[in-house]
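Report on the following structure.
The sequence lines fix the lettering, A, B, ..., with proteins before strands; numbering per chain opens at 1.
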There are 2 protein chains.
Amino acid sequence: MNVEHDTRTRILSTARVLFHGRSYADVGIKEICDLAKVQKGSFYHFFPSKQDLAMAVIDDMADEWAHGFVAEAFDQNLPPLERLDYMIDAAYYWQKAAKDIEGRMPGCLFGNLALEISTRDDVLRAKLNAVFEKASRRFHEALDQAVELGEVPPLDCEATSAAMLAFLEGIILLAKTRNDPEVIRDLGPAIKTLRIELAHPN
Amino acid sequence: MNVEHDTRTRILSTARVLFHGRSYADVGIKEICDLAKVQKGSFYHFFPSKQDLAMAVIDDMADEWAHGFVAEAFDQNLPPLERLDYMIDAAYYWQKAAKDIEGRMPGCLFGNLALEISTRDDVLRAKLNAVFEKASRRFHEALDQAVELGEVPPLDCEATSAAMLAFLEGIILLAKTRNDPEVIRDLGPAIKTLRIELAHPN
DNA sequence: TTCATAGATGACCGGTCGGTCAACATGAAG
DNA sequence: CTTCATGTTGACCGACCGGTCATCTATGAA
């Protein structure tokens, strides 16, 4: 069981690391196979194409996120606004750890892939969009609860949650470009100041 | 004079369009040459390598930006906060026009390149970082003036301007992933709500 | 008229790309 | 013992990659 899927898992995690650290186009299947100690023929036994591999990598990482520190950060027991800080912190420490090890900030795998391939591959684009929408929903929940608890004046939670996700991705983009995770820490807390007012019902 | 540089210019503008619409790695020199109606040998007469071409493309677009709608948006005669709206508007209309023509949102060339190659090529990364820093300075100016005019309570203009740029890039990223320029219009105005307070002097 | 220089041409290079395939190993079910 | 499914192996494919180069042409100064 676990042995059967071991090869597949090795391919998947190797591909994830390489795609994240460089880019989709820059990483070849040969390189993935070599590092994962898998033969090329075996690769194509599990994944029909490089695109399918990318799909699986996205699913894989989205799952790990959802059950990992995203679940922690958006813990229902945490005060809603603290969850935002937690999320920023988690992003910061993650990127910092990666930079300390590899010397470079990998940024957000989803953001990286989105900008690289969403003009070329509509299927992958749609999948990445779904990941972002799911992430946005976490912000949405937190905002709803913050409003309910009176911690924040009423606002357009739908739009604001999307804006917060955009801000997070933007900060990571800027930090990666500066190769300096501190950007996340310095700018991140401003996420709580973002507000989009409710549209006036005429 | 203009004839001499015509070939170079054709290469440059063709490369810009292709890099912007797809990605750096996905566009080959052969394709650029074909579209620009230039022979490969001629290409390498003007550009020593693909990396040098990328440098030139970034410079080229940064120049066109600086003297184009960025200069318009950050017109000193405009009220500072209106400049922010102008910038969002400009981004929106640009992306919308591009999508109407090509069917896909290209996003921001600088953001695209930054995420794709800043882990692989430190020279290009540094250049893109410089572009962002220059852009951030425009926001900085506007914020300084807004504070001076009392339109906004005092704040950390340095950090907030960087946050605003991050937000802009993040919005474009999200819009590109959704392939829907309206995201820029819907979330963009929240840029004015971003605030990073001045650090307390102990 | 000569000569140097800038530019244009297209064949060519080794290497890598994503992907295919026939042959073979393994192990469980009949 | 046979059959079949699952998985492994590595040679192989044509296309394309970034980049090189010898050769030719056009131009303008001396």
Side-chain angles (χ1 to χ4, degrees), chain A residues 1-58 113 116-125 127, chain B residues 1-58 113 116-125 127:
Chain A
M1 267 299 165
N2 47 359
V3 181
E4 292 174 30
H5 292 77
D6 183 55
T7 301
R8 197 188 129 97
T9 304
R10 243 162 40 231
I11 294 171
L12 215 45
S13 61
T14 304
R16 210 178 71 183
V17 170
L18 292 179
F19 286 160
H20 193 184
R22 306 229 295 285
S23 77
Y24 178 69
D26 194 48
V27 176
I29 286 163
K30 169 101 179 334
E31 187 182 358
I32 295 170
C33 289
D34 287 351
L35 252 88
K37 280 172 177 85
V38 162
Q39 233 57 34
K40 211 171 196 185
S42 282
F43 176 94
Y44 279 98
H45 175 73
F46 290 102
F47 302 97
S49 70
K50 197 184 181 187
Q51 187 205 27
D52 287 271
L53 170 65
M55 296 282 270
V57 165
I58 294 168
L113 289 176
E116 185 185 355
I117 52 188
S118 61
T119 46
R120 284 168 49 197
D121 189 318
D122 214 56
V123 179
L124 286 173
R125 203 213 84 241
K127 168 143 263 172
Chain B
M1 269 302 164
N2 47 359
V3 181
E4 292 173 28
H5 290 78
D6 182 55
T7 301
R8 198 188 127 95
T9 303
R10 241 162 42 230
I11 294 172
L12 216 45
S13 61
T14 304
R16 209 178 73 184
V17 170
L18 292 180
F19 286 158
H20 194 184
R22 307 230 291 287
S23 77
Y24 178 70
D26 194 48
V27 175
I29 286 163
K30 170 101 179 335
E31 187 182 357
I32 295 170
C33 288
D34 288 351
L35 253 87
K37 274 164 182 95
V38 161
Q39 231 59 32
K40 212 173 196 185
S42 282
F43 175 94
Y44 279 97
H45 175 75
F46 290 102
F47 301 97
S49 71
K50 197 184 181 187
Q51 187 205 31
D52 287 272
L53 171 66
M55 296 284 269
V57 165
I58 293 168
L113 289 176
E116 184 185 356
I117 53 187
S118 61
T119 46
R120 285 169 47 198
D121 188 320
D122 214 55
V123 179
L124 286 173
R125 203 214 85 241
K127 168 142 262 168

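Between A:Ile11 atom CD1 and C:dG19 atom C1' the separation is 14 Å, expressed in whole Å. Rounding to whole angstrom units, CG of residue B:Asp34 and C1' of D:dC16 are separated by 12 Å. Atom NZ in B:Lys30 sits about 15 Å away from atom C1' in C:dT9, given to the nearest Å. We find that OH of B:Tyr24 is positioned 12 Å from C1' of D:dC17, with the value rounded to whole Å. Between B:Ile32 atom CD1 and D:dC16 atom P the separation is 16 Å, expressed in whole Å. Across the protein-nucleic acid pair, A:Asp52 atom CG and C:dG18 atom P stand 14 Å apart, rounded to whole Å. Rounded to an integer number of Å, the gap from NZ of B:Lys50 to P of D:dT20 is 15 Å. If you measure from atom CZ of A:Phe43 to atom P of D:dT6, you get 20 Å, rounded to the nearest angstrom.
Side-chain nitrogen and oxygen atoms of A:Gln39 include none within less than 4.0 Å of the OP1 or OP2 phosphate oxygen of D:dT8. For the OP1/OP2 pair of C:dA8 and a distance below 4.0 Å, the side-chain nitrogens and oxygens of B:Thr7 include at least one atom meeting the criterion.
For A:His45, whose side chain is taken as the heavy atoms from C-beta onward, the closest listed nucleotide among D:dT8, C:dA6, D:dG18 is D:dT8. Closest to the A:Tyr44 side chain, of the nucleotides C:dT20, D:dT9, C:dA8, is C:dT20. Out of C:dG19, D:dT9, D:dG7, the shortest distance to the side chain of A:Ser49 is found at C:dG19. Taking the side chain of B:Ile29 as heavy atoms from C-beta on, and the options D:dG19, C:dT9, C:dG19, the nearest nucleotide is D:dG19.
By the 4.5 Å heavy-atom criterion applied to side chains, A:Leu124 and A:Leu113 are not counted as neighbours.
Mapped onto DNA chain C by nearest heavy atom, A:Asp26 and A:Pro48 fall at different nucleotides, with A:Asp26 at the one closer to the 5' end.
Salt bridge present: B:Asp6 and B:Arg10 bring a charged side-chain N and a carboxylate O closer than 4.0 Å. A salt bridge links A:Asp34 with A:Lys30; the closest basic N to acidic carboxylate O contact falls under 4.0 Å.
Scanning atom types as modelled, one donor and one acceptor separated by under 3.5 angstrom connect the side chain of A:Lys40 and the base of C:dG18.
A:Gly41 comes within 4.0 angstrom of a nucleotide base, judged by non-hydrogen atoms across all strands.
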Next on the checklist: With side-chain contact (heavy atoms from CB on, under 4.5 Å) as the criterion, how do A:Phe46 and A:Leu12 come out once you've worked through the C-alpha distance, each side chain's angles and the decisive distance to 0.1 Å?
Outcome noted: CA-CA 10 Å; A:Phe46 290 102; A:Leu12 215 45; over 6 Å; no
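A donor-acceptor contact closer than 3.5 angstrom links the side chains of A:Ser49 and A:Asp52.
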